[in-house]
Asks: 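I'd like to ask you about the structure that follows.
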Amino acid sequence: MPTSSESDIRRLAHRVLLLQTLTGVAVALVCLVFWGRNAFISALAGAFTGVIANLYMTLRALQRARTPQAALGRLYFGQLVKVVVSVVLFVLAFRYLPHVVWPALLVAYLATLVVSWSMPLVRLRRGAGKRA
């Protein structure tokens, strides 16, 4: 049975993934409006890359571990796989998207990363403010 803090962590992880997806779609829509179809598809590919890589990392990190060392090892391995998945998806975009717009792809990818870095920090600040 998950503890309250485990439920909170899982809820936060789901929110991060959802916000990453919404952010990626928003960036893609902006690209569509201002730069056209190729930029839109490229931005979707970048957002997809960020979300899929982070999804794996999140699922890996949320698995129970018997020791703190095992949890840390799982986290490091998850980060390694996240990087490998990102690189593989970028290579696939290069090979199979005929008119990839790299700035759009990279901006959407970076937007998903910013969400994954910033949302937990925002959550911590809100929690600290409630305790004060």
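In this text, all values refer to a predicted model and were calculated from it rather than measured experimentally.
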Asks: Measure across A43 and C31 and return the closest heavy-atom pair with its distance rounded to 0.1 Å.
Replies: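 For A43 versus C31, the nearest heavy atoms are CB-SG, 3.9 Å.
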Asks: Quick one: pull up CZ in R37 and NE2 in H99 and give me the separation to the nearest 0.5 Å.
Replies: 9.0 Å
Asks: Measure the CD-CD1 distance between Q20 and I52 for me, rounded to the nearest 0.5 Å.
Replies: 10.0 Å
Asks: Taking only residues at least two apart or on different chains, which pairs with a member in residues 32-86 satisfy ring pair (Phe, Tyr, Trp, His ring centres under 6.0 Å)?
Replies: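 Those involving residues 32-86 do not exist here.
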Asks: How far does CG of L110 sit from OG1 of T23, to the nearest 0.5 angstrom?
Replies: 12.5 Å
Asks: Using the rule that Ile, Leu, Val, Met, Phe, Trp and Tyr join whenever any side-chain heavy atoms are under 4.5 Å apart, tell me whether L105 and I41 fall into a single cluster.
Replies: yes
Asks: Can you name the closest pair of heavy atoms from V27 and A111 and give their distance?
Replies: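 Taking every non-hydrogen atom into account, CG2-CB, 4.0 Å.
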Asks: Quick check: closest heavy atoms across R10 and H14, and the distance to 0.1 Å?
Replies: O-ND1, 2.7 Å
Asks: Show your reasoning for whether side-chain contact (heavy atoms from CB on, under 4.5 Å) applies to L75 and M57.
Replies: CA-CA 8 Å; L75 192 63; M57 171 63 197; 3.0 Å; yes
Asks: Treating R74 as the side-chain partner and R64 as the backbone partner, does any N or O pair qualify as donor plus acceptor under 3.5 Å?
Replies: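 It does hold such a pair.
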Asks: Starting at CG of L113, measure out to OG of S118 and round the result to the nearest 0.5 Å.
Replies: 10.5 Å
Asks: Less than 3.5 Å apart, which donor and acceptor atoms pair up between the side chains of residues 88-98 and the rest of the protein, not counting sequence neighbours?
Replies:
none

Asks: OG of S42 to CG of L106: how many Å apart, nearest 0.5 Å?
Replies: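 Separation between the atoms: 9.5 Å.
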Asks: Can you hop from L32 to Y109 via hydrophobic side chains spaced under 4.5 Å?
Replies: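 Per the 4.5 Å side-chain linkage, L32 and Y109 are co-clustered.
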Asks: Suppose we screen for side-chain contact (heavy atoms from CB on, under 4.5 Å). Which residues come up paired with T58, at least two apart in sequence or across chains?
Replies: A13, L17, N54, L62
